[in-house]
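Take a look at the structure set out below.
All heavy atoms count here, side chains included; hydrogens, waters and symmetry mates do not.
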Amino acid sequence: MLKQEDSTLNRQFEDFAGFYGFKPILCRPYRGQTKGKVERTVQFVRDNFMVGIQYNSLADLNGQALAWCNKVNGKVHATTNEILFERLKKERLSPLTREYIIDKINLRRVQKDCLISYAGNQYSVPAEYIGKDVAVVALDSMLAAYYEGKQIALHRISYQRKDMVVNPQHYRGLTLKQTIDAENVLLEQGKVIDFPLKPSDLSRYDEVLYE
């Protein structure tokens, strides 16, 4: 039997879950009983909303679906004897304060040299994220890297090819095992064009991204 710890989540979905702070729990394959509430809801919508419905566009269908949901959720549920809208308030769900912009996001694996690849160039992220998948968002002339919803790097986008855009601060966490002094040769190359940013710059970028 396939166990959750033996399963691999879709990288984009895993980042989405980290962004909004929830843990996916996998159901056993080919066993509808393990997700009965989900299956029953699909059947309820199909049997009570979709039958005989007419619409002329996706917006029209969505509007009718929303009106139907508001009507159904305003009624007393036969099992709980509570109005669904009122019961929802007791769930204490966290509000959605930021949008996960999936069409602008690419996932990149952080290499051992703290670099990720984007559009033919390489950009640095802090050393503690080596081996992890980070979400990369390009907006205007800036490139931001996120891990589980936290912005970990911000760079100016290079429009050249094979550039390395490096922030020296990202390498401070690396531990050198050599007994002699050594320098990071990445920081000696001429194609390093990055600049460190102040915290205020990062917050302004977040405002632009999530407004």
Side-chain angles (χ1 to χ4, degrees), residues 2-27 29 94 96-178 182-199 201-211:
L2 189 65
K3 298 181 180 180
Q4 175 143 341
E5 56 267 23
D6 299 326
S7 303
T8 302
L9 291 176
N10 177 278
R11 291 168 56 192
Q12 186 86 62
F13 178 69
E14 190 173 23
D15 185 77
F16 175 82
F19 183 87
Y20 281 124
F22 69 88
K23 179 182 178 180
I25 299 177
L26 304 184
C27 297
S94 300
L96 298 181
T97 58
R98 298 187 297 173
E99 179 185 0
Y100 189 83
I101 310 176
I102 193 170
D103 61 336
K104 293 183 180 179
I105 287 181
N106 297 277
L107 288 181
R108 294 291 187 272
R109 177 69 55 86
V110 182
Q111 303 303 314
K112 293 181 179 180
D113 51 9
C114 303
L115 297 175
I116 56 176
S117 298
Y118 181 81
N121 297 308
Q122 293 180 299
Y123 299 82
S124 68
V125 301
E128 57 264 35
Y129 300 99
I130 289 175
K132 301 183 183 299
D133 293 322
V134 300
V136 178
V137 183
L139 184 65
D140 297 330
S141 61
M142 305 300 293
L143 185 78
Y146 287 81
Y147 182 74
E148 294 186 348
K150 174 187 176 184
Q151 187 181 90
I152 60 173
L154 182 63
H155 297 280
R156 289 184 298 196
I157 291 178
S158 171
Y159 295 100
Q160 305 300 317
R161 299 291 293 181
K162 297 184 179 181
D163 269 346
M164 279 196 299
V165 185
V166 175
N167 185 335
Q169 299 298 319
H170 293 163
Y171 293 88
R172 297 187 63 180
L174 288 178
T175 300
L176 296 179
K177 297 182 180 180
Q178 292 88 342
E183 294 183 0
N184 193 323
V185 296
L186 287 174
L187 304 182
E188 299 175 355
Q189 300 190 28
K191 289 183 177 297
V192 175
I193 61 171
D194 194 40
F195 61 98
L197 294 171
K198 298 179 180 179
D201 294 320
L202 297 180
S203 63
R204 286 203 300 272
Y205 184 81
D206 272 336
E207 291 174 3
V208 172
L209 184 59
Y210 300 114
E211 65 182 359

Taking [Y]'s backbone N and O only, do any of them form a donor-acceptor pair with [X]'s side chain (distance below 3.5 Å, no angle check)?
| X | Y | answer |
| --- | --- | --- |
| Ser141 | Arg156 | no |
| Arg161 | Ala119 | yes |
| Tyr123 | Ser158 | yes |

How many angstroms lie between atom [atom1] of [X] and atom [atom2] of [Y], to the nearest 0.5 angstrom?
| X | Y | atom1 | atom2 | result |
| --- | --- | --- | --- | --- |
| Leu115 | Asn121 | CG | CG | 11.0 Å |
| Tyr171 | Cys114 | OH | SG | 5.0 Å |
| Ile152 | Lys132 | CD1 | NZ | 10.0 Å |
| Glu14 | Lys23 | CD | NZ | 11.5 Å |
| Thr8 | Leu26 | OG1 | CG | 10.0 Å |
| Arg108 | Asp133 | CZ | CG | 10.5 Å |

For this session: State, with a plain yes or no, whether a side-chain heavy atom of Arg109 is found less than 4.5 Å away from one of Gln111.
Result: yes
For this session: Might you point out which heavy atoms bring Ala135 and Leu107 nearest each other, and give the distance in Å?
Result: CA-CD2, 3.7 Å
Exercise. Who passes ring pair (Phe, Tyr, Trp, His ring centres under 6.0 Å) against Tyr118, sequence neighbours left out?
Worked result: none
